[in-house]
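Chain identifiers are assigned alphabetically (A, B, ...) following the order of the sequence lines, protein sequences preceding nucleic acid strands; residue numbering begins at 1 within each chain.
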Amino acid sequence: MAPFVIACVEPHLVPIHFIFIRFLNPVIESIKHDVTHTFSALFLSQPNVFTHQRIRFEDDDITLSPAKDIMLAIRNRCQLNSEDWSPKDKSFGNKNAPYAVFNALDSMLKDSLERLKTMRENISSVKIGLQGYTCENNYIEHTATIRFLCLEGKLGAALWLRRKMVQKGILPDVFTHNHIVNGLCKIGLVEKADWLIREMLEFGPPPSCATFNNLIKAYCVVNTVDKALYLFSIMANTGIQPNRITCNILVHALCQKGLLKEAKKMLEDILHDDDDKDVPDLVTSTIFMDNYFKNGETIEALSFWNEMLQKCAKVDVVAYNVLINGFCKSQQTNIAYGIACEMLKKGLLPDAFTYNSLIGALCKEGNTNEACYIFQVMSKMGIMPDQISYKIMIQGLCFKGDIARAKELLRCMLANLMVPKPLIWNLIIGFYGRCRDASNAFFTRDQMLAFGVRPNVFTYNALVLALLKSGNIYDACSLKEEMPLKGLYPDVITYNLLIGAACNLGRVGFALQLHGEMLQRGYEPDLITYTELLKGFCIRGKMKEAEELYAKILKSGLLTDHVPVQILFNMYCKRKDPVVAFNFYQDWLASKGRGYPY
DNA sequence: ATAGGGTTAG
């Protein structure tokens, strides 16, 4: 992908890089060949291994070819991606880009040389493995491979290799197992990780505190804190002492669920006989401070900060970031700014989180000039803006209507070899949609596709909006039909957009047809759907249907804003039914008094 | 060596 992006950004730089590729390619190819052969030899000595296997687990199964994955794992360390090498799109020529591109080329060169080095090392270690075939060498090599496979997310292969080792009577150590547990959790196979820990408890190696922490964290992430707590109790039963990290994982999860009191209680219980319980843990305090800021309780948050300053040996960048973000979120950007300066004076360097918080706050204030300035400062301080920085800036600029600068930043990303996530493209497309500029919306979508970014439901909804705003309901509907062909499905927003547009055109029949289709496909209409339909009935003067629908809304308990009420009220007024309108209004007030939300 | 807190979310 990287060379492809360079090609698009700076076509005139192609020759330099091309020479570079041409120079390295024969070397790379010969080594790739060498690696493949050495590995084939290694694996072919075991007949069943090379055939593609289907590994079946108790509760799930993953189709994979472990040997291939393992070989790829080794080769990936050596691979230079020279495939996508074609200068296609020349529309991104930008005079400011060469420096960035040279930097990128420079780092790619270093990277490639680095890869060549590891490749040589790998080959020699494989050859040692073949000739010597000592157990110790194999053990080190295999556990390293397992770890690498886990980092790559190839857990099927990692588990397979582990099983092979176990079958040969060699048990990988607890660190290797922890990598597998962590890897399984990262790709969402939490149950599988749970199984592995049970396996470890039964057959060894005995799980460590870190093993449990991995799984406890995973259960918290998928919002099954009860399971995490259960695991916590298992831990105690098996004689493994929970540590600070265990506490922090659980405290964090409980706080996020709004169970602050429970979190504090648990902490007290665990730290009951801890000698230095008077010295607060920096991470724990940071979690509490963040939680209080998020609940809008600034004074409590600050009391944690003061305690940290007094009792902790030193505070760190994360603690400062929580403080800065807290003030940013409460729209006290100047204070946040001041704290960032104080942080610098203490010798703590702000990181991407710090800058992103500040930029976000400035954008929210509408101060995009200042935000742009901080954005530049960030780069000068050596912190490269990440996808989030760009997202915040582009969103702020689009909101302000400054599409020129927003697009400039998009170009900047591409020049820095960052491929913008769909969200960022969607912001630009959404802007054009709101401006009724369907042609630029689709042009941006095409650029997105050209950079290999797949549109998502939000992209389609933005495009549907663009078409509807420019009065083209027919094409908007075709777009909805196109979605399943691309593996995407319209959602409630898509339907609401179309239903709303149909109603505005007075085509209530068509709106109802869409509503029916929505129900048929299993989508639950929401308040917006009903509000749009209500509007449609009122526009066509179908008072009976409107009133029936309103009754349905009331009954469903969906009425959480005043819009449907206002639509009906305006209708009664327009129809010169002042008495009806007044009574309706009175009824609504009374229902509010009885505890209805609106 | 592995595990903990902070920035986005249409």
Please give, in whole Å, the distance from [N] [atom2] to [X] [atom1]?
{"X": "Leu465(A)", "N": "dG10(B)", "atom1": "CG", "atom2": "P", "result": "15 Å"}
{"X": "Phe232(A)", "N": "dA3(B)", "atom1": "CZ", "atom2": "P", "result": "20 Å"}
{"X": "Lys421(A)", "N": "dT8(B)", "atom1": "NZ", "atom2": "C1'", "result": "10 Å"}
{"X": "Tyr390(A)", "N": "dA9(B)", "atom1": "OH", "atom2": "P", "result": "18 Å"}
{"X": "Asn325(A)", "N": "dG5(B)", "atom1": "CG", "atom2": "P", "result": "15 Å"}
{"X": "Leu260(A)", "N": "dG5(B)", "atom1": "CG", "atom2": "P", "result": "17 Å"}
{"X": "His179(A)", "N": "dT2(B)", "atom1": "NE2", "atom2": "P", "result": "6 Å"}
{"X": "Ile324(A)", "N": "dG5(B)", "atom1": "CD1", "atom2": "P", "result": "19 Å"}

Subject >> salt bridge (Lys or Arg N to Asp or Glu O under 4.0 Å): pairs with one or both residues in residues 289-301 of chain A, sequence neighbours excluded >> reply: Asp290(A)-Lys294(A)
**OP:** Could you note down all residue pairs passing salt bridge (Lys or Arg N to Asp or Glu O under 4.0 Å) where residues 219-235 of chain A supplies at least one of them, sequence neighbours left out?
**Re:** Glu191(A)-Lys227(A)
Original post:
Is it true that Glu262(A) and Lys265(A) have a side-chain N and a carboxylate O under 4.0 angstrom from each other?
Top reply: no
Hey, does [X] reach any base, or is it just sugar-phosphate, or nothing, if we go heavy atoms under 4.0 Å?
{"X": "Lys329(A)", "result": "sugar-phosphate"}
{"X": "Val322(A)", "result": "sugar-phosphate"}
{"X": "Asp173(A)", "result": "base"}
{"X": "Leu282(A)", "result": "base"}
{"X": "Ile388(A)", "result": "base"}
{"X": "Asp290(A)", "result": "sugar-phosphate"}

Which one, [options], comes nearest to the side chain of [X]?
{"X": "Lys391(A)", "options": "dT7(B), dA9(B), dA1(B)", "value": "dA9(B)"}
{"X": "Asn243(A)", "options": "dA1(B), dA3(B), dG10(B)", "value": "dA3(B)"}
{"X": "His252(A)", "options": "dG5(B), dA3(B), dT7(B)", "value": "dG5(B)"}
{"X": "Asn182(A)", "options": "dT7(B), dG5(B), dA3(B)", "value": "dA3(B)"}
{"X": "Leu423(A)", "options": "dT8(B), dT7(B), dG5(B)", "value": "dT8(B)"}
{"X": "Gln395(A)", "options": "dA1(B), dT8(B), dG5(B)", "value": "dT8(B)"}

**OP:** Decide whether Lys391(A) and Gln387(A) meet the rule of one side-chain donor and one side-chain acceptor closer than 3.5 Å.
**Re:** no
Original post:
Do His179(A) side-chain atoms and Ile146(A) backbone N/O form a donor-acceptor pair below 3.5 Å?
Top reply: no
Original post:
So, Tyr523(A) side chain and Pro490(A) main chain: donor-acceptor pair closer than 3.5 Å or not?
Top reply: yes
**OP:** Can you measure from CG (Leu149(A)) to CG (Leu161(A)) and round to the nearest 0.5 angstrom?
**Re:** 7.0 Å
Original post:
In residues 339-356 of chain A, what residues come within less than 4.0 Å of DNA chain B, judged by heavy atoms?
Top reply: Asp351(A), Phe353(A), Asn356(A)
Original post:
Got a sec? Which of residues 206-216 of chain A come in under 4.0 Å of DNA chain B, heavy atoms?
Top reply: Ala210(A), Asn213(A), Asn214(A)
Original post:
Got a donor-acceptor pair under 3.5 Å from the side chain of Asp316(A) to the base of dG5(B)?
Top reply: yes
Original post:
Quick one: does Asn178(A) reach the base of dA1(B) with a side-chain donor-acceptor pair under 3.5 Å?
Top reply: no
Phosphate OP1/OP2 of [N] contacted by [X] side-chain N/O (<4.0 Å):
{"X": "Lys217(A)", "N": "dG5(B)", "result": "yes"}
{"X": "Gln387(A)", "N": "dT7(B)", "result": "no"}
{"X": "Lys294(A)", "N": "dT7(B)", "result": "yes"}

Subject >> Check against side chain to side chain contact (heavy atoms under 4.5 Å, CB included), Leu348(A) and Glu342(A) >> reply: CA-CA 9 Å; Leu348(A) 289 170; Glu342(A) 185 191 303; over 6 Å; no
Output side-chain donor-acceptor pairs under 3.5 Å for residues 365-372 of chain A, partner residues at least two apart or in another chain, one line each.
residue	atom	partner	partner atom	Å
Glu365(A)	OE2	Thr333(A)	OG1	2.5
Asn367(A)	OD1	Glu370(A)	N	3.2
Asn369(A)	OD1	Arg405(A)	NH1	3.1
Glu370(A)	OE2	Tyr337(A)	OH	2.8

**OP:** Go through the structure and list residues passing side-chain hydrogen bond (donor to acceptor under 3.5 Å, both in side chains) with Ser439(A), not counting sequence neighbours.
**Re:** Asp437(A)
**OP:** Please test Tyr460(A) against Lys486(A) for side chain to side chain donor-acceptor pair (under 3.5 Å), starting from the C-alpha separation and ending with a verdict.
**Re:** CA-CA 11 Å; Tyr460(A) 272 91; Lys486(A) 311 273 174 185; 5.1 Å; no
